[in-house]
> 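Once you've had a glance at the structure underneath, I'll fire off some questions.
Chain naming here is simple, since letters A, B, ... match the order of the sequence lines and numbering starts at 1 in each. Basis for what follows: all heavy atoms, side chains included, without hydrogens, waters or symmetry-related copies.
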Amino acid sequence: MYNRASAIFKVSMQKYQPQDIEQKWYQIWEDRGYFAPSGKGTPYSIAIPPPNVTGTLHMGHAFQHSLVDSLIRFQRMKGKDTLWQMGTDHAGISTQIIVTEQLEREQIKASDIGREKFVERAWHWKEESGGTISRQLRRLGASLHWETERFTMDEGMSNAVLEVFTRLYDEGLIYRGKRLVNWDPVLKTSISDLEVESIDEDGNLWHIRYPLADESDQSIVVATTRPETMLGDSAVAVHPDDERYKHLIGQSIRLPLTDRLIPIIADHYVDKEFGSGCVKITPAHDFNDYEVGNRHDLPLINIFTEEAIINENAPSAYQGMDRFEARKQVLADLEQAGLLVETEPHKMAVPRGEKSGVVVEPYLSDQWFVKIDSLARPAIKAVEDGDIEFIPRNYENNYFVWMRNIQDWCISRQQWWGHQIPAWYDDDGNVYVAKDEAEARTKYSLSDAVKLQRDEDVLDTWFSSALWTFATLGWPDQTHALKTYHPTDVMVTGHDIITFWVSRMIMMTLKFTDELPFKKVYVTGLVTDAEGQKMSKSKGNGLDPLDIIDGISADDLVEKRTNHLLQPRMAERIAKATRKEFPEGIAAHGTDALRFTFYAIATRSRTIRFDMNRVEGYSHFCNKLWNAANFVFMNTKDFDSTGEMEYSVIDRWITSELQTSIKAVALAMDTYRFDLAAKEIYEIVRDEFCDWYLELCKPLISTEGASKTQRRGTQHTLLKTLETLLRLAHPFLPFMTEEIWQQIPESIRRGGDTIMLRPYPEFDEDLVDASASDDLAWLKEIVNGSRNIRGEMDISSSREIPILFYNGSARDQARLTQYEQLLRTLIRAESLTWLDTDAEVPLAATHLVGDMQVLVPMSGLIDKDAEIARLDKEIDRKTKERSRTENKINNPNFIEKAPQEVVQKERNKLTELTSTLTKLEAQKERVASL
RNA sequence: GGGUGUUUAGCUCAGUUGGGAGAGCGACGGCCUUACAAGCCGUAGGUCGCAGGUUCGACCCCUGCAACACCCACCA
């Protein structure tokens, strides 16, 4: 086809191929040390939310880090001493799970190789896979300071953890105790409340008859969703005011299936209205019952092993059974004994471990806790006082609700991978806390004869993360970095970890540094798929950011999504859905396009649907900017920077427009409105620079049309505007802006080896040119009007048309003369003719610019009915607008109460509309009378 | 049960002190015009969830309702 043929003639111009430039530039930037803090200027720092060291980059990460990188690049260009601190997290439980699975594939049980070997394996795995996340961050263009990269289990962090733990312990803010905690019977560790997900599931409410012990044949009925726990019942509770049971309080129950006698007690916890009004109390296996048990001094009967298998405290018939097996057996036995009164279907929230997915148990065990109240108070105050600000503000509510009801933090985990708790026990069970065993002996004056055994548990991963902002900078040493870059400026994170992490950082940082960890918390929305579903591996709807950058075939994508599925039966559905959504796979869009998409969709919304069409659109935008640059370079090859220059109105106009955009982008960045920043850049580049300026400047740079000085002025403006746009866009489109910028002549660039370190554009009032803007508005109006006629009348854009101007002012006439050449080019006009007031006006399609009529003669070009229809449409629009305006003006209250300028504006509008309508009506009649 | 948020064009979403409803994508029509067909030009399409209220004037402020989403706490 012609298109392909013509493409061959254009081979001299390089196409936009992101893969050719992106990795190259990252390498250069990193090698030259551009990511390091400059050591000059006001410090600006952000600590990366440490990704799991063995993890991979998902869309949420890519989104967050893209936002941060734009902030960092923006501030760096503004001359700040910028540090984006890199680091990774050891991700205790997740990593332990992965390593355990790896061992299982080798038919090795973790318990067989022991703690030391296991931890060795984990370190090995960390070394092996830790590079993945770094590579991915580099592909994203993240300008992280790699040289000081940290890891939550490196020596310095570990030392900080020990320091914090021992100090909190010595102050009495860490204690150890036997408590009921959430227990994961598969991982065999405690987990925090936050790591438990309650999901509604179908279950049953079983009503069980409990006979009284006094041979009276009386009984009461209790209802439970967990019949197997009755084996650990310590009491039955009724409400103290419940007339039905008042007389039974203090009597005993003979607990079925066991030989135990348990009391009937009264407690306000019981809801008289629910079920029978009687509740079985199992203090060792239910959080509420635990409280009741405490109040009534009931025995705690733990009937589970740490794997939730019935233990020796239960009747022998059930010992060794798994909890679900035991449930069946208990129910069968009750049924047989005639004690199962009713089985009622019941929806209930089942608590499951976030990581393992199994039902967690409230389980009695020895754990370490942080006494949280005294830490929470100043942390709440910091946000109340506005020292830390959440963006958007309403997330502060989440924070307050959580912080004001905060419970002591269970920090011990029965795992191997993590910071082992620095506590030692002697043979009598006395506990000694110090940074290491030697220090413990000194601190507690223990002789070498005393045998010490270290606590087996490790700390919750979030314990070390809580120290992240200051420990990564060298704390407890008062390093230069700590003094310079702490507090950090902003924390960018998802709302899901405000409680897990943000709140704990605030508490710990205030406690140990007397400083805030950060001044602002920018809470991002959650990236979902196009249907608004959370992206997850199990749903098979996840997207790998690198697949959007590099592209992926449909087959590979299906393979990737259905590969390690937990539920293989989902595979077919996922495959089908994937092929439907991405029949051609995903094209390679490059990092810049992906990043720009992230900025554009970073609204204040809580969930953000990720739509591939947006990426498509923004990759076209990248291509557009690329080609515009090409155009600029093609037309400025002979630019002489030393020659005399004359700037035309359009040069002054685009320069002025650029100022407006610079101002808008700065405001958007200061208020964390990445979407508005992206929108502004998109519009200035595409709508103003490409669609108008490049078109308008064509006649001025053609060697025939313009004077040398004029041509030079336009060439200069082309280069200068492009160069400024590149700097403006650099934080968002780092790669292509650098690639293009390198081709800008030195005379324009004014030094520097990289766009990264050039100053960010600043608003310059002096370059704002209102009169140029007015002229361009006028010009655009004429061009748009004639384009409208052309479009509506189906006049081919290749056909040159004569244009007449009638009833214009002297100013119109002057402008016409001035811009004749531009107009001719833009409209593709065969001729432009100014008609005097007394001239005979031929029948024509009309467009009004103020009072001036822009006319396209109809003869041979325009259909009468089509023109009438077009005029009708316009008349209709204007009539509606006029009646709206009239209603306002005719309302005395409006005239009286609205501000003068608003009233005046409406009056002017009415006058204008009336005049326009009169002209349009007259025109319509003329055409109709033909 | 408590809390937070969302509801604007076919779809995804902007709309910043209350004063003429916008963008992108999609649709439709025209165009290979020498930076870009990954393009250009034009057009259509909205009771701004519903009902009240405040106001001269409400997408915007207030009240109530509905639907959806998320979070927290959960009655065994």
Side-chain angles (χ1 to χ4, degrees), chain A residues 1-3 6-7 9-10 13 15-16 193 198 205 222-226 229 237 269-271 273-282 286-289 346 348-349 392 394-395 397-398 401-402 405 495-496 498-499 526 530 532 534 587 600-601 603-611 613-614 616-635 667 671 673 675-676 679 682-683 690-691 694-695 698 784 787-799 825 828 873 881 884-885 887-888 891-899 901-903 905-906 909:
Chain A
M1 306 256 291
Y2 174 58
N3 183 27
S6 72
F9 286 108
K10 294 181 207 159
M13 282 184 317
K15 277 209 138 195
Y16 172 55
D193 299 355
S198 288
L205 191 58
V222 298
T224 181
T225 55
R226 302 211 47 199
T229 64
Y269 157 69
V270 180
D271 178 356
E273 310 303 319
F274 190 88
S276 61
C278 303
V279 188
K280 64 191 272 302
I281 300 297
T282 322
D286 183 281
F287 288 104
N288 287 312
D289 293 5
H346 183 72
M348 56 182 181
N394 43 289
Y395 283 104
N397 292 328
N398 284 21
V401 167
W402 161 255
N405 299 295
H495 67 85
D496 49 334
I498 290 175
T499 47
L526 184 76
K534 200 169 164 176
I601 64 179
T603 65
R604 283 186 173 148
S605 172
R606 285 195 164 187
T607 53
I608 293 163
R609 294 181 192 221
F610 191 84
D611 184 351
N613 288 329
R614 296 291 290 266
E616 193 81 29
Y618 292 121
S619 73
H620 292 176
F621 171 69
C622 290
N623 184 55
K624 183 97 180 162
L625 177 55
W626 181 267
N627 283 308
N630 251 330
F631 174 85
V632 172
F633 294 135
M634 271 169 46
N635 287 290
L667 176 67
T671 51
R673 289 302 303 268
D675 59 328
L676 299 184
K679 192 179 174 204
Y682 186 90
E683 285 172 356
C690 292
D691 284 356
L694 294 190
E695 293 306 321
K698 279 175 185 172
N784 286 336
R787 278 176 180 168
N788 172 270
I789 293 172
R790 216 187 250 281
E792 293 283 276
M793 297 302 136
D794 277 347
I795 302 170
S796 157
S797 46
S798 58
R799 179 159 183 185
T825 316
R828 283 185 82 77
K873 212 157 60 182
E881 219 178 322
R884 264 205 309 271
T885 312
N887 287 342
K888 279 191 182 177
N891 181 348
N893 280 326
F894 173 72
I895 304 292
E896 199 180 315
K897 293 184 177 168
E901 70 231 44
V902 175
V903 175
K905 209 169 136 192
E906 292 297 320
K909 197 161 110 187

> Measuring from the side chain of A:Pro899 (C-beta onward, heavy atoms only), which nucleotide among B:rG19, B:rA14, B:rU4 has the closest atom?
B:rG19
> Below 4.0 angstrom, N of the basic side chain to O of the carboxylate: do A:Asp675 and A:Arg673 qualify?
yes
> Please state the P separation for the pair B:rG57 and B:rU4 - nearest whole angstrom.
31 Å
> Whole Å only: how far is the CZ atom of A:Phe621 from the P atom of B:rA23?
17 Å
> Fill in the dot-bracket string of RNA chain B, one character per base: . for unpaired, | for a pair to another strand, ( ) or [ ] for pairs within the strand, taking Watson-Crick or G-U pairs under 3.5 Å.
(((((((..((((.....[..)))).(((((.......))))).....(((((..]....))))))))))))....
> For nucleotides 66-74 of chain B, read 5' to 3', which letter fits each nucleotide if B means a protein heavy atom sits under 4.0 Å from the base, S means only the sugar-phosphate is that close, and - means neither?
--------B
> Taking for each residue the nucleotide of RNA chain B with the nearest heavy atom, is it A:Lys897 or A:Lys624 whose nucleotide lies nearer the 5' end?
A:Lys624
> Among the nucleotides B:rG39, B:rA76, B:rG19, which one has an atom lying closest to any side-chain atom of A:Lys905?
B:rG19
> Which nucleotide in the set B:rG42, B:rU33, B:rA76 lies at the smallest distance from any side-chain heavy atom of A:Arg828?
B:rU33
> Over how many whole Å does the gap from A:Asp611 atom CG to B:rA14 atom C1' extend?
15 Å
> Rounding to the closest angstrom, what is the interatomic distance between B:rA51 and B:rC59 at atom P?
13 Å
> Taking the nucleotide of RNA chain B with the nearest heavy atom to each, does A:Leu694 or A:Glu792 sit closer to the 5' end?
A:Leu694
> How long is the line joining NZ of A:Lys873 and P of B:rG42, in whole Å?
13 Å
> What integer distance in Å separates A:Asn630:CG from B:rA35:C1'?
6 Å
> To the nearest Å, how far apart are A:Phe631 CZ and B:rG39 C1'?
14 Å
> Rounded to the Å, how far apart are A:Glu906 CD and B:rG19 C1'?
7 Å
> Among the candidates B:rA38, B:rG15, B:rU33, find the nucleotide nearest to the side-chain atoms of A:Lys15.
B:rA38
> With rounding to whole Å, what would you report as the distance between B:rA38 and B:rG26 at their P atoms?
12 Å
> How many Å lie between NE2 on A:His346 and C1' on B:rC75, as a whole number?
7 Å
